Amino acid sequence: MTTRLRATTLAAAALCAGLAAPAFADPVEAELVINDDITIKTVAPAAEHLKGHLDTVYSGWLFREDETRAMTMDDFDNPNMVFAEQALEVWATPEGTQNKSCADCHGAIEEGMKGVRAAMPKINAAGDLWSLENYVNDCRTNRMGAEAWKWNSQDMKNMTVAISVQSRGMPVAVEIDGPAQSHWEKGREMYYTRYGQLELSCANCHEDNYGNFIRADHLSQGQTAGFPVYRLKDAGIVSIHQRFVGCIRDTRAETFAAGSQEFIDLELYVASRGMGLDIEGAGVRP
Amino acid sequence: MTRHVLWAACAVASFAAAHASAEIAPTAVAFDETGAVATSLTGTPGNPEEGAKIASSRPLGNCVACHQVSALTADFQGDIAPALDGAADRWSEAQLRGIVIDAKHTFPDTMMPGLYKTGPFIRPGDAFTGKAAPADLAPILNAQQVEDVVAFLMTLKE
């Protein structure tokens, strides 16, 4: 928080000199209830491991305008849901050399995928850290004998939205110790690395300056509990790794690839910064 | 300024003192212990109107991404950093030049990017493409653009 404090002090000095002070735009005070039914925790005390960095964690939902926030509150208005519907068809459709569907092994998505998204990314049986997308493709290639989906393909995004809906209202539950710890530490290192020609880290924007505006953008804490999100500007779903690519690119840096081990590690670390928040499944952004 | 000229400026760096018109390359900038840079990068006085445009433009200075500047009409000015109104009352020209070239000499750990800096960077990219930077990555602003921005900042008096 040191940079933030310093900038605020300078701004305060400017105010004393009779200048216009920047308007500090906090997260709104509002309750996220989906379909008048499921209450989502969007504010929580920060996890122990964030001590000295953040006291309170906030969902990105709280930093958006009224109309955008409203779209997350009702499935009829949430553009993600059309795509989740499409995924439900695919869920039940046999495919590949084994002629099996997701439903053949996992049953109803409501049962089989409950809580899955909340624990991602997660260490697999072989001891590697995998994102939800990796698990989906493992089933497709090894159990169904079907083609893997590309990380940011429409099919993959539809399915990750449909699976995320099944963790709605469940708290972020990633494991960060044991075999996950070294991945988590790498992710943390990335979070504080100042990448690119602009030499900016995730923390510069999302820890030191959340609530402030960078040009027209109201900075949030860069939490992922609401992901995947539907972005109105792109008229499409944005995956977590896609968002990471965009943020690193904006520092005039060479990005990492969606699906890279670096981004899976970063995903774990960023998810862990959202411990205490609930999975939204799935958010809407301007 | 073309890359050619910049290159030439590097090549003659050791004679720069003798050439009033030679540019100071990003790697040859001399900061004093406060982070100020006394010598003009080009020897040609900056144009404050050009500087105002550069400060408002995203691919160039994009100062308004983080700073509010009442004198500029650019919309959606950010509030990450202190407002620049009255900057010339608070800072000398040499200090402002140092801040624009690489503010980390004035404010260690600051979020403000170095506008006339060619490295070292971690994973430098080719502008906003997300691709790796070319080996001869140019600074975000060229030497005259820095002087233009400094000239603009010098007009910000209360």
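What you see is a predicted model; the values in this text were computed from it and never measured. To find a chain, count down the sequence lines: A is the first, B the second, and so on, and within it residues start at 1.
Taking 4.5 Å as the heavy-atom cut-off, the residues of residues 187-197 of chain A that approach chain B are A:Thr193, A:Arg194, A:Tyr195, A:Gly196, A:Gln197, ordered by number. Contacts from residues 48-60 of chain B to chain A, taken as heavy-atom pairs separated by less than 4.5 Å, involve B:Ser56, B:Arg58, B:Pro59 in sequence order.
If you measure heavy-atom distances from B:Ile140 to chain A, the contacts under 4.5 Å come from both the backbone and the side chain. Neither the backbone nor the side chain of B:Ala133 comes within contact range of chain A, judged by heavy atoms closer than 4.5 Å. Residue contact with chain A, scored on non-hydrogen atoms closer than 4.5 Å, is absent for B:Asp126. At a 4.5 Å heavy-atom cutoff, the contact between B:Lys104 and chain A is made by side-chain atoms alone.
The candidate from B:Asp75, B:Leu115, B:Asp89 with the greatest count of non-hydrogen atom pairs under 4.5 Å with chain A is B:Asp75. For the set B:Gly114, B:Ala74, B:Ala132, the entry with the most heavy-atom pairs within less than 4.5 Å of chain A is B:Ala132.
Using a 4.5 Å heavy-atom cutoff, the side chains of B:Ile122 and A:Glu199 are not in contact.
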Under the side-chain contact (heavy atoms from CB on, under 4.5 Å) rule, what do A:Phe213 and B:Ile80 come out as? Steps first, then yes or no, please. CA-CA 6 Å; A:Phe213 281 85; B:Ile80 281 186; over 6 Å; no
Does the side-chain contact (heavy atoms from CB on, under 4.5 Å) test come out yes or no for B:Met111 and A:Asp208, once each step is laid out? CA-CA 10 Å; B:Met111 180 167 167; A:Asp208 301 334; 5.9 Å; no
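Summarising the local packing, CG of A:Asp234 is surrounded by more than 12 heavy atoms from other residues, nucleotides or ligands at distances under 6.0 Å. For A:Gln154, the CD atom is densely surrounded, since the number of other residues' heavy atoms within 6.0 Å is greater than 12.
Considering NZ of B:Lys117 and CG of A:Leu198, their distance stands at 11.0 Å, rounded to 0.5 Å. Distance CG/A:Asn209 to SG/B:Cys66: 7.5 Å, rounded to 0.5 Å.
A donor-acceptor pair is defined here as one N or O able to donate and one able to accept, closer than 3.5 Å; such a pair exists between the side chain of B:Arg123 and the backbone of A:Thr255.
For A:Asp217, the side-chain contact (heavy atoms from CB on, under 4.5 Å) test picks out A:Ile214, with sequence neighbours left out. In this view, A:Glu48 and A:Lys51 satisfy the salt bridge (charged side-chain N to carboxylate O under 4.0 Å, His left out) rule, not counting sequence neighbours.
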